[in-house]
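Note sheet for the following structure.
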Number of protein chains: 2
Amino acid sequence: MANQFGERVRQLREQQKLFLRQVAPKLEMDTAQLSKIEKGLRQVKKDQISILSNVLKADRNELSTLWLADQVANLIEGEPMADEALKMVLKNRKNK
Amino acid sequence: MANQFGERVRQLREQQKLFLRQVAPKLEMDTAQLSKIEKGLRQVKKDQISILSNVLKADRNELSTLWLADQVANLIEGEPMADEALKMVLKNRKNK
DNA sequence: ATAGACTTGTCAGCTATTGGCAAATATACT
DNA sequence: AGTATATTTGCCAATAGCTGACAAGTCTAT
């Protein structure tokens, strides 16, 4: 299961030398939840992504992109027609 | 909301000159449900896709691809970082 | 062994989705 | 007009899936 988002959050948090205990309250959750988010076992809410990027002094677009890429990757994982479907989506997007 | 899958199903069903009433029972559902599926208001189950492609004499891969493309399109719709995320997913897939 | 950081498990409560039916609408035919 | 057939829409109980909250667990260092 793709979890680039959670891994990056952990990396950023450790770079800032912050503990789960320090970050979790900013998101109004406990350390257990944040731990699961970093491990990809729980979903983060979209509005929590911008809070996270503030607390971790990260680029909001970077985190949003990683989060979305994980969603897509999980959706298509194990799907034989994944490549064709992705190409189709890209093609349809360009026609706009 | 993307619904290439449902539109194609309807097209195929009409080409085969079949009524909802004739197709729905093969999927163990009523006409209302199948109608909603064709309109993209309800999800079809994956194992129903192959049944549909048999009944409608269609290519299972084509329908699977359309279905998956819809899922992805709905997931990323309205997301500012959609293009970057899609590119990231494609790039990660190639490294395998 | 105590403390601190993180992880894991559980589960009630919440939310979203589904299945099934009934009623409404649309279209065609007499 | 009315009748018949096809499709659509609305509703809601049942189900499935997810979340929040807490407790208990592991791991590491002192």
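Values reported hereafter were calculated over all heavy atoms of this structure, with side chains retained and with hydrogens, waters and symmetry mates removed. Chain letters run A, B, ... following the sequence lines, proteins first and then strands; every chain starts at 1.
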TODO: Carefully, step by step, assess A:Leu18 and A:Val55 under the rule side-chain contact (heavy atoms from CB on, under 4.5 Å).
DONE: CA-CA 10 Å; A:Leu18 294 170; A:Val55 177; 4.2 Å; yes
Open item on the list: If I take atom CZ in residue B:Phe19 and atom P in nucleotide D:dT5, what distance separates them, rounded to the nearest angstrom?
Closed with: 11 Å
TODO: Mind calculating the distance between CD (A:Gln48) and P (D:dG20) to the nearest angstrom?
DONE: 7 Å
- [ ] Establish, with yes or no, whether the OP1 or OP2 oxygen of D:dT8 is under 4.0 angstrom from a side-chain nitrogen or oxygen of B:Arg10.
- [x] yes
TODO: Determine the contact category for A:Lys36: base if any of its heavy atoms lies under 4.0 Å from a base atom, sugar-phosphate if only primed atoms, P, OP1 or OP2 are that close, otherwise nothing.
DONE: base
- [ ] Grab the CD-C1' distance between A:Gln33 and D:dC18 for me, whole Å please.
- [x] 12 Å
Open item on the list: Expressed as a whole number of angstroms, how long is the span from A:Gln71:CD to D:dC18:C1'?
Closed with: 14 Å
- [ ] Answer yes or no: is there an ion pair linking A:Lys46 with B:Glu79, defined by an N-O contact shorter than 4.0 Å?
- [x] yes
Task: B:Asn74 (side chain) donor-acceptor with B:Met1 (main chain) under 3.5 angstrom - done: no
Open item on the list: Please identify the 5'-most and 3'-most nucleotides of DNA chain C with any atom under 4.0 angstrom from a heavy atom of chain A.
Closed with: C:dA5 to C:dT10
- [ ] Can you figure out which of D:dT8, D:dA6, D:dT19 approaches the side chain of A:Lys45 most closely?
- [x] D:dT19
TODO: Take the protein atom CG of A:Leu20 and the nucleotide atom C1' of D:dC22, then report the distance between them rounded to whole Å.
DONE: 16 Å
- [ ] Return the value, rounded to whole Å, for the distance between atom CG of A:Asp30 and atom C1' of D:dG25.
- [x] 15 Å
- [ ] Give a yes or no on whether A:Leu63 and B:Met81 share a hydrophobic cluster (residues Ile, Leu, Val, Met, Phe, Trp, Tyr; joining criterion: side-chain heavy atoms under 4.5 Å apart).
- [x] no
Open item on the list: How many whole angstroms separate atom CZ of B:Arg42 from atom P of D:dT7?
Closed with: 18 Å
Task: Protein-nucleotide distance (A:Leu27, atom CG; D:dA21, atom C1'), rounded to Å - done: 16 Å
Task: A:Asp30 and A:Gln33 side chains, donor-acceptor separation under 3.5 Å - done: yes
Task: Candidate list B:Arg13, B:Gln15, B:Lys26, test side chain to side chain contact (heavy atoms under 4.5 Å, CB included), partner B:Leu56, passing option - done: B:Arg13
